[in-house]
Amino acid sequence: MSSLLAALATPHLDSLSSREALDERLQPVTRAALFLFLTAVPLTHAAGLVAHAPRATVARAAHLLLYPFVGGRLHAIFHTLSWVVWGLSLTIAAPVLLGARVPETHVEALLGAAAIGAVFSLLFMIKGLLIFDPHPGPKADGRDSCTGDLAVPRWNMALLPSKGMASGVVACMGVCWAAMGGALLFITPHLDNHHSKATYCILSALCLLVGASTTHGLAGAVRHQESEGWRFWQPFQGGPAFVATQGLGWALTAAALASVLALGRQIALGLAHAIRAWLVATSAVMLIAQLLLAVSVCVFRGRAIKDTLVEAVSPALRGRARPPAGFPEPSLATVWLPILMLYAPVHSLVTVVVLSYMVVPAPTATAAWAGGLIVYYGLTSAGSPEHTGCREWGGYKRWVTATIEASLQAWFGRVEVVRDGDTVFDPHNKYMFGYCPHGLFPIGLGYLPLMPEWRALLPGIEPAPLTASVVFQTPLIRDLVSWAGFRQVARRSFKAALRQRGSVLFVPGGQAELVHTHRVSATRPEYVVCTHHKGFVRLAIEEGASLVPVVVLGEVDCLRNFINLPRLQAWTYKKLGFPIPYLVVGRWGVSPLPRATGLRFIIGEPLAPPLAPTNGEPVDVVAVDKLHAAYYEEVRRLFEKHRESFAGYEKMRLTFSDS
C-alpha cells in the first residue's frame with residue numbers, strides 16, 4: 001500500500017513506463033482488497049445469524065434457513081442485493097484469478113470492478129443487519145411466526161444496536177462510500193487504458209449515488225421510521241433545518257455527480273487540464289454533500305414544514321383542530337399561495353432574473369431574456385387585454401374566490417366586508433366604485449370583488465378592477481392581473497368596462513397617495529386621501545354611472561416603505577411620477593408580506609349623477625364639483641363612523657390633500 005501511495009504522489013506520470021509501474025503496484029493491492037471483502041461478506045452474514053438468533057431453541061433451525069427473509073422487507077432486500085453483487089463480483093474476478101487468458105489492458109479494470117463490487121456487497125450486508133426488524137409481522141397471539149411457539153421477546157434484543165447507533169453507523173457508511181468514490185477518482189488519471197478509466201469513473205459515480213441514498217434513505221429510516229413517519233420522498237417536511245440541509249446536500253450531490261461524469265469524459269479524451277485541482281474539488285464536494293445529508297437525518301423533526309409555515313402566519317391557527325365553518329383546511333395552498341401571488345410577484349421575478357445571470361454567462365442570459373420576452377409579449381398582447389380584458393380566466397377567479405378569504409383571515413387576523421347603507425344595487429345600472437386610499441400596494445382592489453362576502457352583499461355586481469399601466473408592462477404580474485380581469489386606468493378602458501360589465505373599481509386618488517402613506521404611522525397618525533382628481537366624476541356623469549365610495553381600513557398600514565425619506569420621495573414623485581426610494585416591507589420587518597393589521601372594506605351609498613348633456617356639450621363644471629364634493633363627504637362619513645370600532649384607528653385623523 002505504501003508503494004502505491006508513493007506512486008500516486010509522484011508527479012509527471014505521463015510516460016508509459018510510469019503507468020506500467022503503477023499497474024504493477026496497483027494489482028496486488030486490488031487482489032488483496034478483493035480477497036478481503038469477498039471473505040468478509042459471508043463472515044458478516046454469520047455474525048448476523050448469531051446476533052439475531054431467537055431465544056426460543058426450537059426456532060433456531062428455521063432461523064438458519066430463513067434468516068434473510070424474517071427480518072423485514074428492507075432486511076430481505078439488502079441481503080438479496082448483497083449476495084447478488086457478491087456473486088457478480090466473484091464471476092467478474094474468476095477469469096483473472098483462475099489464470100484464464102485476459103488481455104493485460106483488461107486485468108486491472110476487472111479486478112477493480114470486482115473489488116468495488118465486493119465492497120458494495122459487504123456494505124449491503126451491513127445495511128441488512130442494521131435495518132433488521134425483530135417483529136416484522138407479529139401474530140396477534142404473540143406466537144413466533146417461524147415455529148408457532150411462544151417467543152417473547154422473539155429475538156435477543158440485547159444484541160441489537162440502538163436506533164441512534166445504527167443510524168450513525170449507516171451515516172458513516174455513506175461517508176465511506178463518498179471517500180471511496182473520491183479515491184477512485186484520484187486513481188483514474190494514472191491508469192493506462194480507456195477501459196480502466198471508464199470503469200473507475202462509473203464506479204466513482206455509483207459510490208456517490210449509493211452513498212447519498214444510504215445516508216438519506218437508510219439512516220433516516222433506521223432512526224425515524226417507526227416513531228416519526230420517515231419517508232424517502234418527503235418534500236417540505238421534517239422542519240426548516242432538515243429541508244435546508246437536505247436541499248443543499250442533494251444540490252452538492254448533483255454537482256459532484258455532474259463533475260465526475262464530466263471529469264471522466266475529459267480524462268478519456270485526454271483533454272483534462274488542472275486535473276489535480278479538479279479531483280480535489282470534486283472529492284471535497286462529495287464528502288461535504290454526505291456530511292450535510294447525515295446532519296439532516298439528525299435534525300429531522302417528523303413535522304411537515306408546511307404546517308410550521310402555516311402556523312407561523314397566525315397564532316390562531318396553532319393547534320387548531322378544525323377550521324371555522326365555511327373555510328378550507330389550512331395549508332400552503334390556502335394560506336400562503338394566495339398571499340404570495342398577491343404580494344410577492346415582483347420579488348419572485350427579480351429573483352429569477354438575478355439567478356439566471358448567476359447560473360449562465362451574462363451574454364447568454366441577456367439573449368435568452370430578450371428572445372423569450374419578445375415571444376412572451378407577442379403571445380400575451382393579442383386583443384389588447386389591458387383595455388378589453390380578453391385574457392380574463394374564470395378558473396383562476398373561482399380559485400381565488402375559494403381560497404382568498406381563508407388566507408386573508410390567517411394573515412390579517414380579521415377581514416370584514418361591510419355594507420353601510422340600505423340602497424339596493426341594481427345589476428342593470430352602472431356603478432363606479434372608488435377605492436381609497438391607494439397606500440403602498442392597493443392589493444385589495446383586485447380581490448375584493450372576488451370575495452364571497454362581496455358577492456353576498458352585492459349579488460350580480462362584478463366590477464372590473466382598473467390599475468396603472470405599468471402593471472401590464474411587467475412580466476408575470478401582467479398575467480396575474482389579466483387573469484383576474486384587471487384593465488388599465490384609461491378613458492377607453494373605463495367606457496368599455498362600464499358598457500360590458502356595468503361597473504368598475506378604481507382608486508380616485510391614484511399613486512399620489514403613495515407619498516403620504518408614512519403619515520399613518522406618525523406621532524399624530526393621519527389617513528390621507530387625495531382629492532385633486534375630478535376626471536372620474538366627469539366620466540361618471542357622461543356614462544350615467546353612480547359613484548360608490550369604498551373605504552378600506554387596515555390596508556394602508558399593513559406595509560411600509562423600508563426607507564422613509566418623505567421629502568425626497570415627494571420630490572421624485574413630482575419629477576418622475578414615482579417615489580424613490582421605494583422598498584415595500586411588511587411582516588417580520590423585511591418580507592413583502594402583510595402584517596396582521598386586520599382589514600375592513602366599507603361600501604357606502606351610491607351617489608346618482610345628474611343627467612348628462614344630450615346636445616354634445618361638455619359636462620357642467622358646477623355639476624362635477626357638486627358630485628365630487630358629495631363623494632368625498634361620503635368618504636368622510638364612512639371613515640368617521642367606523643374608525644373607532646377598528647383597532648388602531650381610534651386616534652386616526654382623516655386628511656384630504658389637494659397635492
Side-chain angles (χ1 to χ4, degrees), residues 309-318 324 327 330 334-347 400 403-418 420 435-448 450-451 453-454 507 509 513-529 549-564 566 582-603 635 638-655:
L309 291 174
V310 167
E311 293 183 358
V313 172
S314 173
L317 298 177
R318 205 163 294 154
F327 284 87
T334 60
V335 173
W336 275 83
L337 186 56
I339 290 294
L340 289 175
M341 294 176 68
L342 292 172
Y343 286 88
V346 175
H347 302 73
V400 172
T403 60
I404 189 62
E405 200 157 350
S407 183
L408 293 174
Q409 292 281 358
W411 283 87
F412 286 92
R414 65 189 187 281
V415 180
E416 304 170 271
V417 180
V418 179
D420 192 297
Y435 184 99
C436 61
H438 185 286
L440 291 174
F441 224 16
I443 299 296
L445 180 79
Y447 61 72
L448 177 59
L450 301 178
M451 293 180 64
E453 287 189 61
W454 171 285
V507 182
E513 293 173 346
L514 275 172
V515 297
H516 299 292
T517 305
H518 69 281
R519 294 162 67 175
V520 78
S521 56
T523 305
R524 298 182 63 189
E526 295 179 274
Y527 184 93
V528 181
V529 175
V550 178
V551 174
V552 186
L553 306 181
E555 185 177 60
V556 71
D557 46 333
C558 73
L559 300 170
R560 65 181 179 88
N561 202 332
F562 186 73
I563 304 173
N564 186 27
Y582 182 75
L583 181 60
V584 176
V585 296
R587 186 169 295 210
W588 306 304
V590 293
S591 78
L593 307 176
R595 296 186 298 117
T597 56
L599 280 177
R600 183 180 295 175
F601 301 94
I602 310 162
I603 306 170
V635 169
L638 295 175
F639 178 82
E640 295 296 341
K641 179 178 178 180
H642 290 271
R643 69 177 178 84
E644 292 187 358
S645 62
F646 190 82
Y649 275 61
E650 298 87 351
K651 298 182 180 180
M652 190 79 66
R653 295 185 305 151
L654 174 63
T655 300

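- Legend: residues meeting salt bridge (charged side-chain N to carboxylate O under 4.0 Å, His left out) with R643, ordered by chain and number and at least two apart, are E640.
- Formation of a donor-acceptor pair under 3.5 Å by the R560 side chain with backbone atoms of H518 is not found in this model.
- Below 30°, between 30° and 60°, or above 60°: for F601 and Y447 the angle between ring planes is above 60°, a perpendicular geometry.
- Every residue two or more places apart in sequence or in another chain that forms a salt bridge (charged side-chain N to carboxylate O under 4.0 Å, His left out) with E526 is listed here: R519, R653.
- A tilted orientation is assigned to the rings of Y343 and F412, their planes being inclined by 30° to 60°.
- Pairing each heavy atom of G586 with each of R595, the nearest pair is C-CG, 3.5 Å.
- Not counting sequence neighbours, the partners of Y582 by the ring-ring contact (aromatic ring centres under 6.0 Å, His included) test are F578.
- No side-chain donor-acceptor contact under 3.5 Å links D557 to the backbone of V520.
- The OG1 atom of T517 sits 4.0 Å away from the CG atom of L440 when rounded to the nearest 0.5 Å.
- Taking 4.5 Å as the limit, every side-chain heavy atom of T403 sits out of range of all side-chain heavy atoms of L337.
- Counting only distance, with no hydrogens or angles, the side chain of S407 and the backbone of P338 share no donor-acceptor pair below 3.5 Å.
- Atom-to-atom distance recorded for T597:OG1 and L559:CG is 8.5 Å, nearest 0.5 angstrom.
- The minimum heavy-atom distance linking L593 with W411 is given by the pair CD1-CH2, 3.4 Å.
- Judged by the 6.0 Å distance and 45° axis criteria, R600 is not positioned over the aromatic ring of Y649.
- In this structure, the side chain of E513 does not engage the main chain of V529 through any donor-acceptor pair within 3.5 Å.
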